[in-house]
Number of protein chains: 2
Amino acid sequence: MLPIPFNTLPQLALKPKNLRKGEVLFRQSDPPSFLYFLRTGHIQLLRHTEAGDGIVIHNAYGGQTFAEASLFSGNYHCDAVACEASELIAMSKIQILKTMRQNSLFAFALSARFAGEIQTHRRRLELRSIKNASQRVYAAVADGLLTGSVITMAAEIGLTHEATYRALSQLTKEGRLVKTRRGRYHVSSTKVSTTG
Amino acid sequence: MLPIPFNTLPQLALKPKNLRKGEVLFRQSDPPSFLYFLRTGHIQLLRHTEAGDGIVIHNAYGGQTFAEASLFSGNYHCDAVACEASELIAMSKIQILKTMRQNSLFAFALSARFAGEIQTHRRRLELRSIKNASQRVYAAVADGLLTGSVITMAAEIGLTHEATYRALSQLTKEGRLVKTRRGRYHVSSTKVSTTG
DNA sequence: TTCATCATATGATTGAAATCATATGGAAGC
DNA sequence: GCTTCCATATGATTTCAATCATATGATGAA
């Protein structure tokens, strides 16, 4: 149930935890003892400016891990608050570090996981750099982001769902995408001529 | 000169490489033998759709590493092309994996580096989710992104430099930022009253 | 079957950032 | 000193996505 390689951790390293909406998971100043896997819900990580403004560092949703950096740090770098009721699994920092030391395969797998996340994040960032809505949607579909609903993808790529629907429609008209059924599209395999 | 922990690798693991503008560093199909540190220049990582459209996966600039995921993969996931003349250091995949196995401190440090990158990327992504230009600029300054030129930061956060200058100006007028000198700003430490 | 609900889809209008234009400040070179 | 060049800064206009509105298709519950 946990993502690789956390699924190989001993039970004693894991501690289920449930939060009600609004509950605080940890504070910036807390010594970090856990890395978290969020099964369901929504956790927001926040920092605060000198003036007290909260700045969202990250929104974690079901299926994601967070606070990885705390593994190697003496304090959390932000506050974590449950925006919705959330089910988590707390994974012991000490146990993870111990496992890394004792089992180089685990260390490899952890690095592999991190490297994969870096790659994914870079792709997402590059996607967000595409200003034009149609091109962004095309790149997103090409990247395999349209697996669930269009609304979900729209949120992922930073567009409104209306703009995304319009882009999907236009790209289909242009022949760059193929609509297989309502709400399902894939990239066309044939080159679109630019001269008409 | 190399970032931690790559600076501890033996010389035999490193190989300087220079590319002219337009030269290909590797292709998607190539078996990955190296992870790269880009000293100067600009390398673009691209994938291609079935229709042949190139999709930019990542733009790497001086001081950055890339192709980390290739450490744990049987092929590169994209093509790498030099957009400008570039100086690189190729770091042997085999040597890095070997060092990880033999030296758990190196493995720790590598994971720490990766974890830090993940954190940074998530912050950047969250920043890009802020629609309003002023708020995005405020968050960026609060995040310490205004170290070099405003133009550099503007590119980082996905705004034009004009929009960024306007936002800086407005935030200063509002008292949320303090302008120390031309092109230098920091967050105000005093709470701005909303009632006037 | 009917109704409710939500995702999909598209039209009309608005608004904010992009674009285009212009001016100033400051550093580097002559 | 003067000149060149570029970052900073702001004004005017345009463009495109956000917003607001409405309609349809699909799914599930009553």
Side-chain angles (χ1 to χ4, degrees), chain A residues 40 42 56 59 61-62 84 124-141 144-188, chain B residues 40 42 56 59 61-62 84 124-141 144-188:
Chain A
T40 62
H42 176 190
V56 179
N59 281 291
Y61 297 94
E84 301 169 18
R124 293 285 181 288
L125 268 171
E126 215 55 60
L127 204 62
R128 294 290 186 108
S129 297
I130 303 173
K131 281 278 148 66
N132 181 266
S134 278
Q135 284 172 246
R136 193 189 297 182
V137 167
Y138 178 75
V141 173
L145 262 52
L146 186 50
T147 50
S149 73
V150 174
I151 291 178
T152 303
M153 184 183 81
E156 272 267 324
I157 68 178
L159 289 174
T160 59
H161 55 93
E162 294 99 325
T164 306
Y165 284 126
R166 272 184 251 278
L168 287 166
S169 172
Q170 191 196 322
L171 288 161
T172 304
K173 229 177 290 172
E174 289 170 6
R176 302 228 292 149
L177 291 183
V178 176
K179 179 173 180 169
T180 52
R181 66 172 197 269
R182 197 178 153 84
R184 293 286 147 176
Y185 300 80
H186 64 77
V187 295
S188 167
Chain B
T40 62
H42 176 190
V56 178
N59 281 291
Y61 297 94
E84 301 169 18
R124 293 285 181 288
L125 269 170
E126 215 55 59
L127 205 62
R128 295 289 186 109
S129 297
I130 303 173
K131 280 279 148 64
N132 181 266
S134 279
Q135 285 173 245
R136 194 190 296 184
V137 168
Y138 178 75
V141 173
L145 262 51
L146 187 48
T147 50
S149 72
V150 174
I151 292 178
T152 304
M153 185 183 81
E156 273 266 324
I157 69 178
L159 291 173
T160 59
H161 54 94
E162 293 99 325
T164 306
Y165 284 126
R166 273 184 252 276
L168 287 167
S169 172
Q170 191 197 320
L171 288 162
T172 304
K173 228 177 291 171
E174 290 171 5
R176 302 227 293 149
L177 290 184
V178 175
K179 180 173 180 171
T180 52
R181 66 173 197 268
R182 196 177 154 85
R184 292 287 147 177
Y185 301 80
H186 64 76
V187 295
S188 166

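Every chain is numbered from 1 and lettered A, B, ... according to where its sequence line falls, protein lines coming before strand lines. For clarity, every value in this text was computed on a predicted model and none was experimentally measured. Hydrogens, waters and symmetry mates are skipped; everything else that's a heavy atom, side chains included, is used.
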Note to self: Walk me through whether A:Arg136 and A:Ser129 qualify under side chain to side chain contact (heavy atoms under 4.5 Å, CB included).
What the structure shows: CA-CA 8 Å; A:Arg136 193 189 297 182; A:Ser129 297; over 6 Å; no
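- Residues from residues 160-180 of chain A placing a heavy atom under 4.0 Å of any atom in DNA chain D, listed by number, are A:Thr160, A:Glu162, A:Ala163, A:Arg166.
- Within the structure, every pair that satisfies the salt bridge (Lys or Arg N to Asp or Glu O under 4.0 Å) test and touches residues 145-157 of chain B, not counting sequence neighbours, is listed here: B:Arg124-B:Glu156.
- Of the two residues near DNA chain C, A:Lys131 and A:Gly148, the one whose nearest nucleotide lies more 5' is A:Gly148.
- For the residue pair B:Thr152 and B:Ser149, a side-chain donor N or O sits within less than 3.5 Å of a side-chain acceptor on the partner.
- For B:Arg166, there are no salt bridge (charged side-chain N to carboxylate O under 4.0 Å, His left out) partners at least two apart in sequence or on another chain.
- Reading DNA chain C from its 5' end, the first and the last nucleotide to sit under 4.0 Å from a heavy atom of chain A are C:dA7 to C:dA18.
- Residues A:Arg182 and A:Leu159 each lie close to DNA chain D; by heavy-atom proximity, the contact nearer the 5' end of the strand is made by A:Leu159.
- Under the salt bridge (charged side-chain N to carboxylate O under 4.0 Å, His left out) criterion, A:Glu126 pairs with no residue at all, not counting sequence neighbours.
- Nearest heavy atom pair, residue B:His161 against residue B:Ile151, reads CB-CG1, 4.0 Å.
- Every residue two or more places apart in sequence or in another chain that forms a side-chain contact (heavy atoms from CB on, under 4.5 Å) with B:Ser134 is listed here: B:Asn132, B:Ala167, B:Gln170, B:Leu171.
- For the pair A:Ile157 CD1 and D:dA17 P, the interatomic distance rounds to 11 Å; values are reported in whole Å.
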Next item on the list: Could you check A:Thr164 against A:Met153 for side chain to side chain contact (heavy atoms under 4.5 Å, CB included), going step by step and ending with a plain yes or no?
Entry: CA-CA 9 Å; A:Thr164 306; A:Met153 184 183 81; 3.8 Å; yes
